[in-house]
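In what follows, residues are counted from 1 in the order of the sequence shown.
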Amino acid sequence: MAFAGLVDSDVKAALNGCAAADSFDYKNFFKACGLAGKSDADVKKAFATIDQDNSGFIEEEELKLFLQNFSAGARALTDKETKAFLAAGDSDGDGKIGVDGEFSQKLATVFQQDLAEQNRINLTLSIRFKIVK
């Protein structure tokens, strides 16, 4: 069953990539599962699933269970991972992550960084190919 328009095999691979305690990195997870670069509608669907109390914000306790929103058998984030994730997503310091600003911006930033890295790799390959040619 797809989560917010994600491919099940991508989600499974992303979850496997952070199965060990203290191995979760939100940037890697967003890229691996395909959440980075999704439409605003898909991002809002994902947010609504994670925002279990429908408050309009993702609080620390909901963030701790972040991975379990993708798979019931996934582990909870450690306190260290949860605090790091919250600190990265809470741009206004209120202790929670909102959908329209903070959550969407974080995903957009990860997507833009991924595109910049792809462009850098493509340019490097292009230059090397021209030199070899």
Side-chain angles (χ1 to χ4, degrees):
M1 182 165 127
F3 176 89
L6 303 179
V7 178
D8 287 340
S9 59
D10 291 344
V11 170
K12 186 175 182 179
L15 289 168
N16 288 340
C18 60
D22 292 322
S23 65
F24 177 78
D25 177 282
Y26 74 90
K27 291 178 186 178
N28 292 335
F29 186 84
F30 288 165
K31 286 184 217 175
C33 75
L35 196 53
K38 283 294 183 186
S39 71
D40 285 343
D42 282 339
V43 168
K44 286 184 181 188
K45 284 181 199 173
F47 185 92
T49 301
I50 299 163
D51 177 21
Q52 295 176 358
D53 65 1
N54 297 314
S55 66
F57 297 95
I58 299 173
E59 292 89 3
E60 190 170 343
E61 283 307 307
E62 292 167 322
L63 205 54
K64 187 173 196 71
L65 304 176
F66 177 78
L67 297 176
Q68 294 173 1
N69 290 294
F70 292 85
S71 174
R75 69 178 181 86
L77 296 179
T78 64
D79 288 342
K80 179 181 171 184
E81 291 169 320
T82 303
K83 290 185 186 315
F85 195 7
L86 183 60
D90 179 19
S91 60
D92 61 8
D94 64 357
K96 52 193 174 187
I97 301 171
V99 68
D100 289 324
E102 296 164 323
F103 192 70
S104 298
Q105 287 173 357
K106 191 54 62 183
L107 287 171
T109 299
V110 171
F111 181 63
Q112 289 168 352
Q113 289 170 344
D114 194 39
L115 283 178
E117 178 65 11
Q118 280 297 102
N119 287 338
R120 186 191 65 74
I121 290 168
N122 289 342
L123 179 61
T124 301
L125 290 174
S126 176
I127 291 169
R128 287 183 181 166
F129 180 71
K130 286 179 182 176
I131 291 172
V132 172
K133 204 174 177 188

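- For the pair Glu62/Asn69, no side-chain contact is recorded, criterion being any heavy-atom separation below 4.5 Å from C-beta on.
- Formation of a donor-acceptor pair under 3.5 Å by the Gln68 side chain with backbone atoms of Ala74 is found in this model.
- Minimum heavy-atom separation, Leu15 to Ser71: CD1-CB, 3.5 Å.
- The hydrophobic clustering, which links ILVMFWY residues whose side-chain heavy atoms are closer than 4.5 Å, places Ile58 and Leu65 apart.
- Heavy atoms only, all atoms of each residue included: Cys33 and Leu6 are closest at O-CD2, 3.5 Å.
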Trace of the side-chain contact (heavy atoms from CB on, under 4.5 Å) decision for Glu81 with Asp22: CA-CA 6 Å; Glu81 291 169 320; Asp22 292 322; 3.8 Å; yes
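- A distance of 6.0 Å or more separates the ring centres of Tyr26 and Phe66.
- Nearest heavy-atom pair, Gly56 versus Phe47, reported as atom, atom and distance to 0.1 Å: O-CZ, 3.5 Å.
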Verdict with supporting geometry, Asp79 and Lys64, side-chain contact (heavy atoms from CB on, under 4.5 Å): CA-CA 7 Å; Asp79 288 342; Lys64 187 173 196 71; 2.5 Å; yes
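- Residue Lys12 places its NZ atom among 12 or fewer non-hydrogen atoms of other residues, nucleotides or ligands, all under 6.0 Å distant.
- For Asp25, there are no salt bridge (Lys or Arg N to Asp or Glu O under 4.0 Å) partners, not counting sequence neighbours.
- Note that CZ of Phe29 and SG of Cys18 are 5.5 Å apart. Values are rounded to the nearest 0.5 Å.
- Proximity of a side-chain donor or acceptor of Thr49 to a complementary backbone N or O of Lys45 within less than 3.5 Å is detected.
- Checked against salt bridge (Lys or Arg N to Asp or Glu O under 4.0 Å), Glu61 has no partners two or more places apart in sequence or in another chain.
- A pairwise comparison of heavy atoms in Ile97 and Asp90 identifies CG1-N, 4.1 Å as the closest pair.
- When all heavy atoms of Ala21 and Thr78 are compared, the closest pair comes out as CB-CG2, 3.9 Å.
- The heavy-atom pair separating Ala19 from Ser23 by the smallest distance is N-OG, 3.9 Å.
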